[in-house]
Number of protein chains: 2
Amino acid sequence: MKTKSKKNASHLLPCGRAPIASPTRASDRKTFTQWKAVLDLEIESKGLNKSRPREQILEIIVNQLEHFTVPDLVKAVQKSHPELGAATIYRSIPVLVEAGILLESLSDSSRMAIYEVNSGEHHDHIVCTDCHQIFEFHDERIERAQNELTKKLAFQVISHRHVIYARCDKFSKKA
Amino acid sequence: MKTKSKKNASHLLPCGRAPIASPTRASDRKTFTQWKAVLDLEIESKGLNKSRPREQILEIIVNQLEHFTVPDLVKAVQKSHPELGAATIYRSIPVLVEAGILLESLSDSSRMAIYEVNSGEHHDHIVCTDCHQIFEFHDERIERAQNELTKKLAFQVISHRHVIYARCDKFSKKA
DNA sequence: ATGAATGCAAAGGTTTTGCACCCCC
DNA sequence: GGGGGTGCAAAACCTTTGCATTCAT
């Protein structure tokens, strides 16, 4: 009955379940070259300088990383480019966020920020408490109810973060 | 008829607006003595020992603190009890959380955990990006939509955290 | 030439841990 | 007496910062 999520049996998650359809398709994702153009625009508009390290960091992010913490990024970058200092990588984060390339999307259990490449479509997250996989969801009813609520309370919404901690039932059955 | 939030003009917020009616009334809050009983039960059931420091920490929390970080708590506790070590206070947090006395309710902008006394009624938070006040809300429509969503996706929900970052418009007008 | 970016090391801040001593049961 | 609990200091981490040097324009 609800077992029709079998379509991509090829990419099963650690917990054994099929991925939830993400609001953003892989085909909609920008390439490194496209993001590079976005970054260059930001750099130009702010009177900054282009640099090799920032380009290398961007490349690692868009080609290799899904949801990552800064220490994750430091490790991944230094694996390919051991000469890059951690401080440079830390300093690149706000630039990438300002450029709209990265979003700080949630916190891990130790409360470190988790970043992701901006997919262009707002979504929230479900974190599996068993396998630690991060799923994305977007629910219009929730968004609508939230907008009506904040309007009624006379708040001007800047952003929101809605994280559901849950367990994939398939994983619980395996365990 | 939803303008009845004028009742306590006496406690205006830093931003000048009246507080949103909180889902929990002050009168529903447990006293120190009641929480102490909860703590003792937890301590007994886990085979731990009662101790003066844990009692003193609990007392500070229930009598003085609303939403607080651990460093906040350390300062508040050591003001009254300078002999208590910070490590003891850090070590008391998981015990209080396990006992159901404290909830880790959200993170501040530097991503430190913010705790609050468990009110017994689930609520989520609106954080004003101007005055940094934390408001509470509870919206049945959002809860319902979320439950239906996770059911459809076959997740077993453990908990969730929904934080809306917004600005009180009254404050923006003043500023 | 000027200002920005980098790498390194040091400093800052929070949280955890090792350990000797103390207290509860 | 034995297993927790405490306090202190040190350690572990993540993140920021100061500074001399290099790079981009």
Side-chain angles (χ1 to χ4, degrees), chain A residues 36 39-60 65 67-99 101-102 104 106-115, chain B residues 36 39-60 65 67-99 101-102 104 106-115:
Chain A
K36 177 75 171 59
L39 178 58
D40 287 349
L41 220 65
E42 167 77 8
I43 283 176
E44 198 173 342
S45 79
K46 292 272 173 61
L48 308 178
N49 293 341
K50 291 178 192 168
S51 84
R52 200 77 214 298
R54 284 205 278 242
E55 184 179 324
Q56 294 169 320
I57 292 164
L58 177 63
E59 188 170 20
I60 298 288
L65 300 172
H67 291 89
F68 61 90
T69 65
V70 187
D72 288 343
L73 178 60
V74 171
K75 284 184 207 93
V77 167
Q78 292 187 335
K79 197 168 164 184
S80 311
H81 310 286
E83 71 284 4
L84 295 207
T88 300
I89 299 168
Y90 273 91
R91 284 190 275 237
S92 76
I93 296 284
V95 178
L96 294 169
V97 169
E98 273 290 300
I101 298 171
L102 286 186
E104 186 189 315
L106 48 119
S107 301
D108 72 6
S109 50
S110 75
R111 278 164 250 102
M112 262 188 303
I114 296 183
Y115 295 89
Chain B
K36 178 74 170 63
L39 178 57
D40 288 349
L41 220 66
E42 167 77 9
I43 284 175
E44 198 173 342
S45 80
K46 292 271 173 62
L48 308 177
N49 294 340
K50 289 178 192 167
S51 84
R52 201 76 215 299
R54 283 205 279 241
E55 186 179 321
Q56 294 169 320
I57 293 164
L58 177 62
E59 189 170 20
I60 298 290
L65 300 172
H67 291 89
F68 61 92
T69 64
V70 186
D72 288 342
L73 178 60
V74 170
K75 283 183 207 93
V77 168
Q78 292 187 335
K79 197 169 165 184
S80 310
H81 311 286
E83 71 283 4
L84 295 206
T88 300
I89 299 169
Y90 273 92
R91 286 189 273 237
S92 75
I93 296 285
V95 177
L96 295 169
V97 170
E98 273 288 300
I101 298 171
L102 285 186
E104 185 190 316
L106 50 120
S107 300
D108 72 5
S109 50
S110 75
R111 276 167 249 100
M112 261 188 305
I114 296 182
Y115 294 89

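Order of the sequence lines sets the chain letters (A, B, ...), proteins ahead of strands, with each chain counted from 1.
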Which nucleotide sits closest to the side chain of B:Thr88: C:dA4, C:dT17, D:dT6? D:dT6
Sugar-phosphate, base or nothing in reach of B:Arg52, heavy atoms under 4.0 Å: nothing
Separation of D:dT25 P from A:Glu44 CD (nearest whole Å): 10 Å
Please tell me if the side chains of A:Glu42 and A:Lys46 come closer than 4.5 Å, counting only heavy atoms from C-beta onward. yes
Let's see if you can work this out: which of C:dG7, D:dG7, C:dT14 has an atom nearest to the side-chain heavy atoms of B:Leu84? D:dG7
Taking 4.0 Å as the cut-off, does a side-chain nitrogen or oxygen of B:Tyr90 come that near to OP1 or OP2 on C:dT16? no
Calculate the interatomic distance between A:Glu55 atom CD and C:dT6 atom C1'; express it in whole Å. 16 Å
Select from A:Lys50 and B:Lys46 the residue whose nearest nucleotide in DNA chain D is closer to the 5' end of that strand. B:Lys46
Atom pair distance, as rounded to whole Å: CG in B:Leu48 and P in C:dC23: 19 Å
Closest nucleotide of DNA chain C for B:Asn49 versus for B:Met112: which of these residues is on the 5' side? B:Met112
Determine: side-chain N/O of A:Ser51 to OP1/OP2 of C:dA5, distance under 4.0 Å, yes or no. no
Side chains of A:Thr88 and A:Val77, heavy atoms from C-beta outward: is any pair under 4.5 Å? no
How many whole angstroms separate atom OH of A:Tyr115 from atom P of D:dC14? 14 Å
Distance check needed: D:dT6 P versus B:Ile93 CD1, whole Å only. 13 Å
Between P on D:dT15 and CZ on A:Arg111, what's the gap in Å once rounded to a whole number? 13 Å
Considering only heavy atoms and no angle criterion, is a donor-acceptor pair shorter than 3.5 Å present between the side chain of A:Arg91 and the base of C:dG7? yes
Take the protein atom NE2 of B:His81 and the nucleotide atom C1' of D:dT6, then report the distance between them rounded to whole Å. 15 Å
Pairwise 5' ranking along DNA chain C for A:Pro82 and B:Ala113, keeping only the more 5' one: A:Pro82
Side-chain heavy atoms of B:Asp72 within contact of B:Tyr115, under 4.5 Å: no
Would you say that more than 12 heavy atoms from the other residues, nucleotides or ligands in this model lie under 6.0 Å from the CD of A:Glu44, or not? no
Interatomic distance where CG belongs to A:Asp40 and C1' belongs to D:dT25 [whole Å]: 14 Å
For B:Arg111 and A:Met112 the tightest heavy-atom approach is CD-C, 4.0 Å
